[in-house]
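Written out below as structure tokens is the structure these notes cover.
Read the numbers this way: they start at 1 and go in the same order the structure lists the ligands and their atoms.
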Amino acid sequence: MNTAQFVPKILSEVIEKASFTWQTPSNIALVKYWGKSNPQIPKNASISFTLNNCHTITTIEFLKTEKLLVANFDLFFEGKRKEEFKPKIAEFFKRVQEYCPYIFEYKMTIHSENSFPHSSGIASSASGLSAIARCLMSLEQELNPALSEDFINKKASFLARLGSGSASRSIEGPLVVWGKHPEIAGSSDLFGVQFPYEVHSIFENYQDAILLVDKGEKQVSSTVGHQLMHNHPYAESRFQQANENLSKLSKILQNGAIKDFINLVESEALTLHAMMLTSSPYFILMKPNTLEIINKIWTYRQEHNSNICFTLDAGANVHVLYPASEKDPVNRFIDNELSKYCQKKQYICDTVGFGAKKL
Ligand code: DP6
């Protein structure tokens with residue numbers, strides 16, 4: 001794998017002081033990444049919708065110092081110093097050391113905030129780490145102004161992946177594939193790429209309402225969940241199935257076969273959770289209200305001949321997906337019939353978005 005392309009060779013400029021602010025989104029996988037090997041290489045290819053409203057805004061101030069052995073940074077989350085978030089970021093800086101050696105010549109001050117409540121159960125690692133990666137690439141661009149926009153996006157995704165796999169899919173939009181797949185031109189295990197084919201208009205401006213079923217800390221983190229795919233009895237067939245599902249979904253996204261989309265996306269969500277149910281040790285992240293919502297969605301779909309469907313990430317929250325043309329009736333359905341299964345009736349209406357934005 002060609003990682004050498006991401007080791008900087010020329011840094012022509014000297015920058016004493018700089019500050020960059022990026023807004024990067026969360027994403028929701030349609031074909032799931034669950035299982036990886038070192039260093040953050042996925043066991044199968046995945047694809048996600050980039051979101052629009054759920055995002056992180058991060059500013060990094062860089063101040064030149066003498067060369068350091070470990071990254072020197074202060075971290076503020078929503079205006080307050082957050083020592084407990086530092087180890088994950090320190091580990092990230094260590095992992096990218098070879099690719100961003102220049103950051104060890106700066107004192108960094110990081111300010112970060114999320115558009116969604118921190119305790120919402122919405123994973124912030126995708127938007128959080130992609131935002132940091134994008135700020136690092138802004139510095140690299142100033143140090144080497146010859147870099148192309150295409151390379152910068154690719155390397156930002158490459159760096160984000162080293163922080164959190166799904167973060168590699170949070171640089172661009174509206175659909176991003178991460179993981180090498182024979183039918184997706186340009187796809188790579190090292191970084192996410194925009195879905196390279198024309199997408200049917202039914203998937204334009206697709207809606208995602210995130211129902212906050214459980215805002216508590218998860219009993220089992222994604223990191224542990226991924227590890228449990230080693231020696232998992234169904235791992236190999238799962239990885240093969242995911243790659244086959246991506247082949248199918250690629251065609252569906254192009255031809256607009258919405259019923260096939262619903263079938264595949266819901267099956268992916270339930271298969272992800274089936275992997276958790278059959279891990280050793282086994283675990284359950286769905287809650288009773290997750291199942292209540294799924295059943296309501298199925299009934300509504302049948303009774304209203306609707307194209308509503310659901311997906312799940314590694315938690316109890318339900319992502320309700322529907323075409324923009326059904327926005328009004330489905331939003332009414334969510335408010336009247338589903339919100340009662342959410343903690344404090346809370347849900348977040350989001351739509352598909354286009355990726356990182358410099359502020
Ligand atoms: C279920 O990207 O959070 O959301 O690489 O260990 O940081 P790490 O894992 P993470 O795993 C995401 C798992 C998922 C599926 C997906 O987003 O594809």
Side-chain angles (χ1 to χ4, degrees), residues 24-51 54 56 85 87-89 91-92 95-96 116 120-133 157-171 173 175-179 181 184 187 189-193 195 208 210 217-230 232 235 238-239 241-243 245-246 249 264-277 279 283-286 290 310-319 321:
T24 58
S26 184
N27 67 72
I28 181 65
L30 303 171
V31 172
K32 309 289 182 181
Y33 146 61
W34 198 244
K36 61 178 168 180
S37 54
N38 273 333
Q40 295 280 98
I41 300 299
K43 289 286 191 180
N44 61 261
S46 58
I47 184 168
S48 50
F49 273 140
T50 303
L51 296 181
C54 288
T56 297
F85 291 177
K88 190 167 174 144
I89 310 298
E91 172 62 25
F92 169 69
R95 287 187 197 172
V96 302
F116 46 90
S120 60
I122 297 179
S124 57
S125 66
S127 54
L129 285 153
S130 56
I132 295 177
S157 171
F158 170 84
L159 297 176
R161 179 199 110 243
L162 291 170
S164 178
S166 55
S168 68
R169 300 187 312 240
S170 275
I171 300 292
L175 280 157
V176 177
V177 174
W178 168 46
H181 191 283
I184 306 291
S187 60
D189 284 345
L190 298 180
F191 46 82
V193 294
F195 181 69
D208 178 9
I210 307 161
E217 185 90 353
K218 280 186 278 186
Q219 293 129 315
V220 181
S221 69
S222 292
T223 310
V224 172
H226 285 290
Q227 277 164 13
L228 293 175
M229 288 303 281
H230 296 297
H232 190 293
R238 163 60 197 154
F239 302 143
Q241 177 202 43
N243 284 326
N245 276 346
L246 184 48
L249 188 58
L264 190 146
V265 166
E266 291 190 345
S267 168
E268 269 292 315
L270 294 178
T271 304
L272 167 71
H273 283 258
M275 291 301 108
M276 302 172 189
L277 300 179
S279 292
F283 59 104
I284 304 178
L285 295 183
M286 290 184 286
T290 311
F310 72 86
T311 189
L312 306 167
D313 58 15
N317 294 338
V318 181
H319 287 250
L321 300 175

Please determine, by modelled atom types, if K32 and T311 share a side-chain donor-acceptor pair under 3.5 angstrom. yes
Do side-chain atoms of H232 reach the backbone of M275 as a donor and acceptor pair under 3.5 angstrom? yes
Check whether any side-chain N or O of R161 sits under 3.5 Å from a backbone N or O of F191 as a donor-acceptor pair, and report yes or no. no
Can you classify the ring geometry of Y33 versus W178 as parallel (below 30°), tilted (30 to 60°) or perpendicular (above 60°)? perpendicular
Contact table, ligand 1 N/O with protein N/O, distance under 3.5 Å:
from     : atom 1 : to   : atom 2 : distance (Å)
ligand 1 : 2 (O)  : S164 : OG     : 3.2
ligand 1 : 2 (O)  : S166 : N      : 2.8
ligand 1 : 2 (O)  : S166 : OG     : 2.7
ligand 1 : 5 (O)  : Y33  : OH     : 2.6
ligand 1 : 5 (O)  : K36  : NZ     : 3.4
ligand 1 : 5 (O)  : Q40  : NE2    : 3.4
ligand 1 : 5 (O)  : G165 : N      : 2.7
ligand 1 : 6 (O)  : K36  : NZ     : 2.7
ligand 1 : 7 (O)  : S164 : OG     : 2.7
ligand 1 : 9 (O)  : H226 : NE2    : 3.0
ligand 1 : 11 (O) : H226 : NE2    : 2.9
ligand 1 : 17 (O) : R169 : NH2    : 2.7
ligand 1 : 18 (O) : Y33  : N      : 2.9
ligand 1 : 18 (O) : R169 : NH1    : 3.0
ligand 1 : 18 (O) : R169 : NH2    : 3.2

Looking at S130 and I171, would you say the former's side chain and the latter's main chain have a donor-acceptor pair under 3.5 Å? no
Please check: side-chain N/O of N27 versus main-chain N/O of A167, any donor-acceptor pairing under 3.5 Å? no
